[in-house]
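Below is one structure, written out as structure tokens, with a few remarks after it.
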Amino acid sequence: QPSSLSGLPAGVGEALESEGVTELYPPQQAAVDAGVVDGDSLVAAVPTASGKTLIAELAMLSAVESGGKALYIVPLRALASEKKAEFERWDDHGVTVGVSTGNYESDGEWLASRDIIVATSEKVDSLIRNGAPWIDDLTCVVSDEVHLVDDAHRGPTLEVTLAKLRKVNSGLQTVALSATVGNADVIANWLDAELVESDWRPIDLRIGVHYGNAIDFDDGSKREVPVDRGEDQTPRLVADALDTEEDGQGGSSLVFVNSRRNAESAARRLADVTGSRLTDDERDRLRAIAEEIRGVSDTDTSEDLADAVERGSAFHHAGLASEHRALVEDAFRDRLIKCVSATPTLAAGVNTPARRVIVRDWRRYDGEFGGMKPLDVLEIHQMCGRAGRPGLDPYGEAVLLASDADTKDELFERYVWAEAEPVRSKLAAEPALRTHVLATVASGFASARDGLLSFLDNTLYATQTDDEGRLAAVTDTVLDYLAVNDFLDRDREGSTESLTATGIGHTVSRLYLDPMSAAEMIDGLRCTGEADEDGGTDEFVRTGGDGDDLEFGTYTRAGEGRSNEDVSDGDGSGEAAGREADGDAALSPPGVTPLGLYHLVSRTPDMYELYLKSGDREEYTELCYEREGEFLGDVPSEYEDVRFEDWLASLKTARLLEDWASEVDEDRIAEQYGVGPGDIRGKVETAEWLLRAAETLAGDIEGVDGDTVVAVREARKRIEYGVREELLDLAGVRNVGRKRARRLYEAGIESRADLREAEKSVVLGALRGRERTAERILEHAGREDPSMDGVRPDSSASAAAT
Ligand code: ADP
């Protein structure tokens with residue numbers, strides 16, 4: 001019983017019991033037996049939904065009770081706020097929780113007062129680089145979904161961050177939560193931790209394959225679900241679950257597909273199945289949710305989602321706005337939405353179980369692979385693990401779909417009977433080491449090549465590899481790169497080589513830039529100054545393009561950026577809320593244009609690029625010649641096929657940013673570039689972060705004049721607010737945003753000062769009669785008496801605005 005556990009803050013055990021946790025699940029009990037509430041390190045490799053979070057909570061709460069401080073590392077930003085909200089219930093027991101958001105450059109000093117801190121691995125890495133004072137005080141660190149160390153893009157950061165934390169605090173309790181993987185023992189070995197490994201699940205899960213007229217399950221059972229030849233299997237399976245009542249309720253389904261577009265079209269089609277099975281009450285409540293969805297944004301995606309939700313169906317993918325995602329998740333958990341069609345992002349972490357999981361697509365397009373590639377066993381198992389809601393469903397069912405007998409056999413072999421793959425460190429790749437070697441030296445974890453290599457010996461890579469020389473070889477290549485670009489100084493004395501970060505090197509590390517991005521930006525910014533004799537570009541050596549001989553994580557520029565989700569830790573609101581424009585905008589010096597700067601940041605490896613579609617090559621080649629004078633740095637020749645193509649892809653991204661900063665409607669941008677509103681926000685946030693970094697760099701390097709710094713700032717602000725130059729002042733007023741700023745401007749209110757003086761009726765007219773909004777805006781603009789009592793909107797103002 002939880003209440004019999006000792007070492008927890010007073011009342012926690014009882015609180016858990018009142019939440020329905022009357023007994024620890026077997027893996028939780030095993031974790032307690034292994035010492036998780038006594039400060040011992042632990043790796044818990046147990047299936048999805050088997051109560052891993054509680055293991056982490058027990059560890060953190062007992063750490064806090066003994067006077068310590070805990071850090072919970074999540075893989076996605078969306079999960080950070082979810083986990084924070086979950087842990088906040090311990091506030092009643094005197095345990096405070098903070099989530100680290102905000103810019104990468106900050107050191108999060110305020111978090112020193114919190115007992116539990118939640119952050120992504122990128123954010124923790126950045127806090128260490130910026131010398132967060134409380135890092136030394138940590139006594140417990142939890143790594144959620146630690147099997148993601150296997151991920152080529154994000155894994156190395158987690159790996160290096162855990163190594164750093166453990167180096168700073170020698171007695172640190174490390175609790176790593178993992179899905180069931182092939183080699184959890186290796187992770188435990190790396191972290192000097194006890195291992196709790198289990199297949200136990202709180203609710204039975206059957207996995208099967210549907211083919212022809214029935215599902216065959218792994219336990220030998222069979223369920224008839226007849227489907228005619230050539231007929232789509234998914235709607236029949238969704239209908240079958242809904243028509244099978246348990247506890248007086250039909251079962252909901254979660255359908256996994258391989259692309260956003262497929263998720264959207266599946267949701268539309270499955271709405272026919274769910275829509276005909278709703279009660280009047282459900283229909284009313286769904287209509288209200290659909291209205292909320294429409295209120296989030298004025299886009300096609302929003303409209304499509306709302307249409308489906310009205311009929312009890314929804315789609316879910318990373319292109320959705322976070323408010324949309326939250327509405328869908330809540331309504332699904334409340335059993336109002338009966339079926340969600342999702343891309344696999346939902347499987348990783350978000351707690352949205354369903355009675356039946358249908359894995360419609362088990363292959364996804366992979367550019368590097370050159371075609372449709374089967375998903376990993378681990379991924380499929382995580383999707384299947386979402387089946388069955390403890391306390392609600394009597395069992396969970398996961399169903400894969402086969403269209404012929406051979407495929408059915410293949411799916412059983414490949415996924416149903418198979419064990420998840422072992423995880424493998426991806427650290428020994430240049431892009432990963434480039435950034436981590438610089439940061440390791442800059443933040444004082446190593447001051448010589450030997451020390452650096454022995455630090456890297458604490459990583460999972462070193463635990464796993466049998467090729468000792470490899471890490472050293474890649475490290476040396478990276479050291480050459482960092483030295484040539486002036487980020488590191490190397491000093492050879494006899495056999496030891498000492499390493500120190502240069503001023504710029506320190507800045508780059510703190511800004512959280514990939515050094516290759518920094519080199520690209522510095523190179524481009526220098527072009528704005530008096531061109532020096534040789535153009536200033538030759539000294540920048542780019543390595544990394546020849547990474548094909550690497551065993552893991554081959555170098556590809558387009559796919560290399562950190563995921564959009566986490567790249568810039570802003571509040572994601574997209575609107576200008578809470579920010580103030582600082583001072584009057586000056587004119588850009590001729591030559592440095594926003595497009596030039598947007599292109600500069602778009603071609604860094606930190607910006608996740610858009611791909612060129614058919615017809616794009618011609619369009620952007622033309623644009624390239626039209627705007628040739630604006631680009632900072634050389635334009636590759638058309639004959640350098642790959643480089644040129646890459647360069648055009650960056651131009652497409654830059655053009656999207658330019659459209660955004662020219663007040664083009666989100667919807668039109670989405671259509672024009674074939675992206676979702678979530679992608680636009682992602683690009684905008686990344687660009688904002690990179691331009692902020694470029695501004696800092698521009699101030700630090702020689703040969704860049706003050707006008708350029710101003711031009712960068714202005715280009716950044718236009719991205720931040722999504723407006724043309726003349727609206728910067730207005731859009732900086734809280735609650736105004738890009739659309740309202742334009743309407744106010746057209747009604748003759750052109751600045752913050754105008755807002756303080758303007759006729760209230762004109763303001764109200766421009767704001768389409770919304771009194772509360774008008775009052776808030778006037779208040780934020782510093783007006784003494786913002787009240788709109790009795791003011792009637794000037795209709796000529798709203799007429800001018802439409
Ligand atoms: P995981 O992190 O392993 O995917 P969760 O920690 O989200 O799984 O747990 C899934 C659900 O089980 C949660 O709703 C949680 O409250 C519940 N739960 C966890 N432990 C227990 C327990 N011992 N008794 C009852 N319910 C529990």
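Just so you know, ligand 1 is whichever comes first in the structure, and atom 1 is the first atom listed for that ligand. Values below: all heavy atoms of this structure, side chains included; hydrogens, waters and symmetry mates excluded.
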Note to self: Salt bridge or not between Asp151 and Arg154? Use side-chain N to carboxylate O under 4.0 Å.
What the structure shows: no
Next item on the list: Mind jotting down which residue pairs meet the salt bridge (Lys or Arg N to Asp or Glu O under 4.0 Å) criterion with at least one end in residues 46-58? Sequence neighbours excluded, please.
Entry: Glu57-Arg89
Next item on the list: Check whether any N or O atom of Thr53, backbone or side chain, sits under 3.5 Å from an N or O atom of ligand 1, and answer yes or no.
Entry: yes
Check: Centre of Tyr395's six-membered ring, under 6.0 Å away, within 45 degrees of the axis: is that where NZ or CZ of Arg206 sits?
Finding: yes
Next item on the list: Output yes when the distance from some N or O of ligand 1 to some N or O of Val21 is under 3.5 Å, and no in every other case.
Entry: no
Notebook entry, point to check: Which atoms of ligand 1 have any heavy atom of Lys52 under 4.0 Å away?
Noted result: 1 (P), 2 (O), 3 (O), 6 (O), 8 (O)
Next item on the list: Would you kindly specify which portion of Glu23 sits under 4.0 Å from ligand 1, judged on non-hydrogen atoms: side chain, backbone, both or neither?
Entry: backbone
Check: Is there a nitrogen or oxygen of Tyr25 sitting under 3.5 Å from a nitrogen or oxygen of ligand 1?
Finding: yes
Next item on the list: State the atoms of ligand 1, each with its element, that fall below the 4.0 Å cut-off from a heavy-atom position in Gly20.
Entry: 25 (C)
Note to self: Quiz question: by atom type and distance under 3.5 Å, do the side chains of Asn262 and Asn258 form a donor-acceptor pair?
What the structure shows: yes
Next item on the list: Could you tell me which residues satisfy side-chain contact (heavy atoms from CB on, under 4.5 Å) with Asp243, sequence neighbours excluded, listed by chain and number?
Entry: Ala239, Arg277
